[in-house]
Structures are given as C-alpha cells and as structure tokens.
Amino acid sequence: MFQNQKVSYSGVQPSGNLTIGNYLGALRNFSTYSDDYKCLYCVVDQHAITVRQVPADLRRRTYETLALYMACGLDPEKTTLYVQSHVHEHTELAWILNCFTMFGELSRMTQFKDKSAKHADNINAGLFTYPVLMASDILLYQTDVVPVGIDQKQHVELCRDIATRFNSLYPDTFTIPEPIVSKSGMKIMSLAEPTKKMSKSDENPNAVVYILDDKDTIIRKFKRAVTDSDTEVRFAPGKDGINNLMSIYACFTGKTMEEIEAEFAGKGYGDFKLAVGEVCADALAPVQQRFVQLMADKGALEAQMKKGAEEASYIARRTVSKVEKKLGFVQLR
Ligand code: TRP
C-alpha cells in the first residue's frame, strides 16, 4: 500500500496521563521506527468513551496526547498522527467486523473481564466490542506490525483471528498483523509496589512518574520509592524496588547494571534515588518544554489533526471499499 513499505500502527487512549513507562517503552522509540516503517499513530477517543469521561477532560487530553507524541520526537512529516473520531471508517469497518467476531471470543478477553469488574455499574456493549474497534483500527491500514504493551497482546491476537477468518471467506482482503511487545517498557514497575507494572491509572500518585511531572515532583517520588532494607545498590533477585530503579537509571543513561553498581559503590540508597530522579527530570525537560510550546498553539495542533485525518482517510477509504465490494454491498460511483 505504501510503495512496499511495511506499516506500523499503534493507538493510545486520551485518558490518564502518560508515564515514564510509556515514555521509555514506547514514545521514546517511536521516532526510530519511522525510518523502517510507514507509521500511523492514533489518539483513540472512541475507545475512551467505553468508560465514562468528563467531556472537557477528554477534549483537553486529546490535544495533549497529540502534543506529547510530537514533543517526544514524532515528526508529523514522516508519520501520520490523527484522532480516531475524525476518520469515520473506523466505526464503519468495526460494524462489519462485529459480524465476523464471536460472542465467545469477546467473552474471553481479560481486559473486558477486568474492566467489567472495575466498572460493574456500566458494562456497556461498547466495552464488550472494544477489541473489534481496535481490530478495525489496525486492519484499515493493512498493518504489518502493532507495537503494544503486553496487556494489549491478546487484542492483537484476536485481530489476527478476525482477519484470518475474513480472509478465508473473502481472500486477500486484510494483511495479518503481528504484535510487537517492547521489552524495556515492561520493566518499569510501580514505585510503591515494585512487583506491579507502573500504570497510568494507578490510584496512588506516588507510585507513578508522569512525563509531565516537574523536577521537584519527580525527585520527591523517587526519594519515596519503596526499596528493601539492604543499603547496597546491587541488582539481585528479590530486590524488586532497587532493580526497578536501576532499570530506570539504565534506560535513561544507557549504562549497564555493572556500571551502575560501580558508580554507586559505597554510596547509599538515598544518593542513588536522587541520581535517578535527576537523570529522569533532565531527560524529560526538553520534552516538557516542547509540549508547552505545542499546547500554546491549538490552531496548529488542529491543523495537524486535519492533515493526519486526511492522510489516514485516504487509506482507510480504500480498505472499506474493498471490504464492502467483497461483501456484496452495492457500490455507487
Ligand atoms: N487498546 C489500546 C490500549 O488501551 C489502544 C488502542 C486502540 C490500540 N486501538 C489500537 C493499540 C490499535 C494498538 C493498535 O492501549
């Protein structure tokens, strides 16, 4: 579809604030992807409403998410950045794919089970068919690879099953996508409970460092990070808190665990925590600066959204026409 270039597609919900886990595991690496793939990144506002949102917050976060992608180095000239609700083919194809997805398959999705438990008063049909809209996102662009966190792998696998089923009935319709689970992103754990992944929806704000936290906040959070009663900065089994801080330090500095151990030999946890806070804050400072500049010009962000939506629609339209033709829908010219 793109002069033989492979397609990489990913989406992010405009809900909650992005964390250093998102930054190290995904955002930071996005710009390197764009050399090898045609990349599309979507702000999935339609997925976000499967749980209740405050409209003003959803709107603000949609701008913020786009600005943050750009602030992390995604070049809108090289990648397609857009908002899901601006490209109506997403819901159009989702309806069709609903008719090729089984009730049993959707019932087995662990995210559906988790979210229904968490939002027991609002188990709506959209929450149930969430993975079908996600499959639509991916399949519209004949995607080859989908970089996601481990929690989304099951959804990409379902997407593959749906596409394979569709292709067996209507050959050569969809490219079958491959999930790519980034390793480094998985390693960033909560600062309060270092056996749990750092999550943007964590209720304890001290457990999570956000990309947009200011320097004092970042340093304070690292100072309070839970560690063991040992004093040596050493990477070892069972020292989950220190292992996590060492991984974060390694990600920001590019140093190995041995180098970090040598650097902090004879120093205590306090010095080390301060150093982690400082490298983190220093690395994020330029991102935050660009973010503030981008957010100051809503008009420019909207122009960007419009350009992205036009690029995306062009491809999405072609896939939907192909699908509808195969299904037997009458095509008017
Ligand atoms: N469900 C994903 C998440 O919550 C977001 C998402 C929506 C997505 N559509 C996508 C990710 C398509 C990758 C590809 O993280």
Side-chain angles (χ1 to χ4, degrees), residues 6-19 21-23 25-27 29-30 33 37-51 53 58 61-62 65-66 68-69 74 79-94 97-98 101 106 109-116 118-119 126-163 174-182 185-186 188 197-202 211 308-309 312 315-316 319:
K6 291 211 165 185
V7 176
S8 165
Y9 187 96
S10 199
V12 69
Q13 292 206 41
S15 57
N17 297 322
L18 294 174
T19 72
N22 301 121
Y23 176 73
L27 289 160
N29 313 321
F30 280 171
Y33 260 101
Y37 293 91
K38 166 66 202 171
C39 296
L40 297 106
Y41 295 102
C42 181
V43 182
V44 293
D45 53 351
Q46 290 169 326
H47 277 109
I49 62 161
T50 53
V51 302
Q53 301 289 338
L58 181 62
R61 285 192 179 125
T62 301
T65 307
L66 192 87
L68 205 50
Y69 270 42
L74 269 190
T79 60
T80 298
L81 286 172
Y82 72 104
V83 177
Q84 190 179 32
S85 64
H86 294 164
V87 179
H88 55 71
E89 283 80 4
H90 287 254
T91 47
E92 218 175 336
L93 182 62
L97 297 179
N98 264 317
T101 309
L106 292 174
M109 293 293 115
T110 53
Q111 181 176 290
F112 173 67
K113 291 190 235 173
D114 291 350
K115 286 202 179 171
S116 335
K118 208 168 150 196
H119 304 275
L127 195 62
F128 189 62
T129 61
Y130 178 112
V132 182
L133 180 59
M134 179 162 160
S136 167
D137 299 342
I138 297 167
L139 298 178
L140 274 176
Y141 303 94
Q142 305 295 347
T143 299
D144 296 282
V145 298
V146 187
V148 280
I150 184 80
D151 61 316
Q152 294 298 315
K153 195 168 172 230
Q154 192 186 34
H155 287 163
V156 182
E157 276 157 6
L158 176 64
C159 171
R160 287 169 61 88
D161 292 344
I162 299 170
F174 296 122
T175 303
I176 308 295
E178 200 76 56
I180 300 189
V181 177
S182 101
M186 285 160 55
I188 310 304
K197 188 182 155 189
M198 184 181 283
S199 156
K200 63 182 173 183
S201 48
D202 200 310
I211 299 179
I315 312 159
T319 301

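Only heavy atoms go into these numbers, but all of them, side chains included; no hydrogens, no water, no symmetry mates. One-based numbering, in listed order, for ligands and for the atoms of each. Note that the structure is a prediction, hence the values are computed from the model and not measured.
- The shortest N or O to N or O distance between His155 and ligand 1 is not under 3.5 Å.
- Only the side chain of Ile138 comes within contact range of ligand 1, with a heavy atom under 4.0 Å; no backbone atom does.
- Here's the thing with Asp137: one of its N/O atoms is less than 3.5 angstrom from an N/O atom of ligand 1.
- For the atom pair Ser136 OG and Leu97 CG, the distance stands at 5.5 Å (nearest 0.5 Å).
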- Item | side chain to side chain donor-acceptor pair (under 3.5 Å) evaluation trace for Gln111 with Asp151 | CA-CA 8 Å; Gln111 181 176 290; Asp151 61 316; over 6 Å; no
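- The part of Val148 lying near ligand 1 is the side chain, judged by heavy-atom distances below 4.0 Å.
- For the residue pair Gln154 / Thr110, a side-chain donor-acceptor distance below 3.5 Å is found, with atom types taken as modelled.
- Ligand 1 has an N or O atom lying under 3.5 Å from an N or O atom of Gln152, backbone or side chain.
- Classified by interplanar angle (parallel below 30°, tilted 30° to 60°, perpendicular above 60°), the ring pair His90/Tyr9 is tilted.
- Of all protein heavy atoms, the one lying nearest to atom 5 (C) of ligand 1 is Gly11 O, 3.6 Å.
- In summary, the atoms of ligand 1 found under 4.0 Å from a heavy atom of Val146, numbered by their order in the structure, are 13 (C), 14 (C).
- Set against the non-hydrogen atoms of Ser10, the atoms of ligand 1 under 4.0 Å away are 13 (C), 14 (C).
- Using a 3.5 Å distance cut-off with no hydrogens or angles, the side chains of Thr19 and Asn22 do pair a donor with an acceptor.
- In terms of modelled atom types and a separation under 3.5 Å, the side chain of Thr143 and the main chain of Pro177 share no donor-acceptor contact.
- For His47, every heavy-atom contact with ligand 1 shorter than 4.0 Å involves the side chain, none the backbone.
- Within the 4.0 Å heavy-atom criterion, neither part of Leu133 lies near ligand 1.
- Each of the atoms 7 (C), 9 (N) of ligand 1 lies under 4.0 Å from some heavy atom of Val44.
- In this structure, the separation between CG on Leu127 and NZ on Lys118 is 11.0 Å, given to the nearest 0.5 Å.
- A donor-acceptor pair is defined here as one N or O able to donate and one able to accept, closer than 3.5 Å; such a pair exists between the side chain of Ser10 and the backbone of Pro147.
- Without hydrogens or angle criteria, His47 side chain to Gln13 main chain gives no donor-acceptor distance under 3.5 Å.
- Numbered from 1 in the order shown, with element, the atoms of ligand 1 that lie under 4.0 Å from a heavy atom of Tyr9 read 12 (C), 14 (C).
- Nearest protein heavy-atom contact of atom 4 (O) of ligand 1 is Tyr130 OH, 3.1 Å.
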